Amino acid sequence: MSDAQKKQNFLQGTALLAMATVVVKLIGALYKVPLNAIIGEKGFGYFSTAYEIYNILLMISTAGLPVAMSRMISQASSLEHYGQVRQIYATARKLFLILGISGSLLMTVFCRQLAAFWNQPDAWAAIGFLGPCVLLICVMSAYRGYFQGQSNMIPTAVSQVLEVVTKLIVGMLAAVLFLKATASIPLAAGGAILGVTASCMVSVVYLWSRFRKSFRVLPETGDTPQSSGETIRELLKIAIPITLSSTILSIITSLSSKIYMGQLLTFVSQEQADTMRGVHVMTQTIYNMPCAFITPITVSIIPAITAQITLKKYRQTRLTEESAIRVTGIFSMPCAVGLTVLAQPITALLGGYTGERLELATQMMTVLGISIVFNALVLVTTAIMQAHGNVNRPVINMLIGGVLKLIVVYVLTGNPAIGIVGTPIGTLLSYVVICILNVFSIRSLVEDPPHILKNLIRPFLAACLMGVAVWLCWWSMSTVGISSRVLLAVVPVCVGVVVYVLAALVFKVITKEDCLLLPKGEKIAKLLKL
């Protein structure tokens, strides 16, 4: 296979995974929104506590090892050392099983202690029910690492979609049935978790069936594979730095949850704190949705930038980076302005909130809406530094921002006048600081750095014009007495889409080069006459 074909296959695989990620995030949001209505804010808080503990264990178990495994398998496959491929898979599988069994036992056996540590004693059922998933995810990661090392992204993408669809169906049914059978919110939250366990089992079965066929047809070659000890050392040498960088934000998020729950309990009851946490988690879910559309952009630009740097096409590198920044602004700016301006109707619709809970959700959503832009810029600037081979600086910047978040959350949530609203404020300040540090890092590390602010001005102006139109639409509808939650949220959003597209065309926000970074980019460019 030629280098051009390999590159094309890689880009196609990247695009496939990016589209699967978007589908997974969207269905995941659809799962959490009605789940909140079924088990309530308290139950949703228990569900989220279990998920946070689960995510930490997953990061430790699977963040770096699949990447290391795929890199080593890719290298061995390109040399047609299939004996080494088998050795890498067998060794990695043992590591995955050790990590998976340890994590599952920790969550299952010590579920009550973990719930107490996170200041949510009633979350024990959700934590215990989620425990087996750690082992299942580790098994899935072994299969996915093998396929990705073979440059075959289809099994990973398909398994992700199967996983989230099963979670949606089984999780909803289990939550409803447990709630009706027991009238217990903690057990209903645990029932919702069963959907996650079922989804992992479906994904494992699918990946195993694909793996069995692929592994069986590997050619027999005469290469002498490394020993298990050498393979383990090489795997860990690659995996540990990646794992450390990947776990920082997850650990910071979980510590933040423990801190603000502890602070809230100094002036409100456990029940009130659990309810506030549920509201916060729901606004966080809405906030995370736009970032699902930014991640595919960062995934797509890394190989493009890396290839241009390798070929010493530095001017094209800068143009690609600036195009990526513009596209990031084009998607993130309207999302940020829209969620900020429409914080009340959107949280009322998606969260079903009224009264004090709606007021609280509106305050948090307003702050988180502003954070979207900085979160998106952190993602794209981190990708640019990684493409240039600077993998340590983003980790340092993230750690600085994370520590700042913990300090801000501790100080603000301990103030009864601010309370849990201090948590999204901490998130905003954290991403602002990380974004600034990333921008200065790029300027110091990259010889010909991209112009960032210059490429965000036009998307910002278009988004501001959209924001005015959206607010006027919502205000007018509220003034004439329209009370439908659906209409108050959907109609302004539709108006905003139309106004933003027209403003983007008038301000010439998008260029032909930007379109070419997107799926079906050439057709989009022709449609827009660029």
Side-chain angles (χ1 to χ4, degrees), residues 25 29 33 279-294 328-353 356-380 405 408-409 412 418-436 453 456-479 485-504 507 509:
K25 291 290 184 180
V33 170
V279 175
H280 170 252
V281 171
M282 174 51 62
T283 57
Q284 189 76 30
T285 300
I286 299 171
Y287 159 76
N288 287 333
M289 290 174 67
C291 297
F293 294 93
I294 303 301
T328 299
I330 288 167
F331 281 99
S332 65
M333 294 285 187
C335 292
V337 172
L339 283 177
T340 300
V341 173
L342 297 177
Q344 180 177 325
I346 287 176
T347 52
L349 175 63
L350 297 181
Y353 299 127
E356 293 181 358
R357 288 184 298 173
L358 177 58
E359 183 180 350
L360 179 63
T362 300
Q363 292 174 351
M364 290 193 284
M365 193 72 259
T366 301
V367 178
L368 288 173
I370 301 170
S371 303
I372 288 172
V373 172
F374 297 99
N375 188 355
L377 289 175
V378 166
L379 290 173
V380 74
K405 177 179 178 177
V408 172
V409 168
L412 295 185
I418 300 174
I420 198 170
V421 179
T423 302
I425 294 174
T427 298
L428 172 60
L429 293 178
S430 171
Y431 277 116
V432 168
V433 169
I434 297 171
C435 185
I436 293 171
L453 293 178
L456 293 174
I457 292 175
R458 292 183 180 182
F460 175 72
L461 293 175
C464 286
L465 185 61
M466 179 210 76
V468 173
V470 163
W471 185 85
L472 287 174
C473 178
W474 172 74
W475 178 81
S476 300
M477 293 175 68
S478 301
T479 302
R485 292 181 180 182
V486 175
L487 291 177
L488 287 173
V490 173
V491 173
V493 168
C494 292
V495 169
V497 170
V498 173
V499 172
Y500 184 72
V501 170
L502 293 175
F507 292 142
V509 171

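Bear in mind the structure is a predicted one, so any value in this text is a computation, not a measurement.
- Of the inter-residue distances, the one linking Leu428 atom CG with Asn375 atom CG reads 10.5 Å to the nearest 0.5 angstrom.
- Rounded to the nearest 0.5 Å, atoms CG (Leu358) and OG1 (Thr347) are 5.0 Å apart.
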**Message:** Apply side-chain contact (heavy atoms from CB on, under 4.5 Å) to residues Met364 and Val279 and explain how you reach the verdict.
**Reply:** CA-CA 9 Å; Met364 290 193 284; Val279 175; 3.5 Å; yes

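- You'll find the side chain of Thr423 reaches within 4.5 Å of the side chain of Ile420, heavy atoms only.
- Rounded to the nearest 0.5 Å, atoms OG1 (Thr340) and CH2 (Trp471) are 15.0 Å apart.
- Around CZ of Phe507, the count of heavy atoms belonging to other residues, nucleotides or ligands within 6.0 Å exceeds 12.
- Here the shortest heavy-atom pairing between Ala504 and Ala462 reads N-CB, 4.1 Å.
- Between Gly422 and Leu412, the closest heavy-atom pair is CA-CB, 3.7 Å.
- Distance check: His280 NE2 to Leu368 CG gives 6.0 Å after rounding to the nearest 0.5 Å.
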Atom pairs and distances, side-chain donor-acceptor, residues 489-503, under 3.5 Å, sequence neighbours left out:
from: Tyr500; atom 1: OH; to: Ile330; atom 2: O; distance (Å): 2.9

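- Leu461 is not listed as a side-chain neighbour of Leu465, based on a closest heavy-atom distance of 4.5 Å or more.
- Remark: Gln344 CD to Leu349 CG distance equals 12.5 Å, nearest 0.5 Å.
- Of all non-hydrogen atoms in Pro290 and Ile372, the two that sit nearest each other are CG-CD1, 3.7 Å.
- For the pair Met365/Ile346, no side-chain contact is recorded, criterion being any heavy-atom separation below 4.5 Å from C-beta on.
- Summarising the geometry of Val337 relative to Ala463, their closest heavy-atom pair is CG1-O, 3.5 Å, with the distance given to 0.1 Å.
- To the nearest 0.5 Å, atom CZ of residue Arg357 and atom CE of residue Met282 are 11.5 Å apart.
- Summarising the geometry of Met477 relative to Leu488, their closest heavy-atom pair is CB-CD2, 3.8 Å, with the distance given to 0.1 Å.
- Not one N or O on the side chain of Ser430 forms a donor-acceptor pair closer than 3.5 Å with the backbone of Gly426.
- Using a 4.5 Å heavy-atom cutoff, the side chains of Ser371 and Tyr287 are in contact.
- Counting all heavy atoms, side chain and backbone alike, Leu377 lies closest to Thr328 at N-CG2, 4.4 Å.
- No side-chain heavy atom of Pro424 sits under 4.5 Å from any side-chain heavy atom of Thr283.
- Residues Met333 and Leu456 have side chains in contact (heavy-atom distance under 4.5 Å, counting atoms from C-beta outward).
- Taking the side chain as every heavy atom from C-beta outward, Glu359 and Tyr353 never approach each other to under 4.5 Å.
- Inter-residue side-chain proximity for Trp474 and Val341 is flagged as unmet; no heavy-atom pair is nearer than 4.5 Å.
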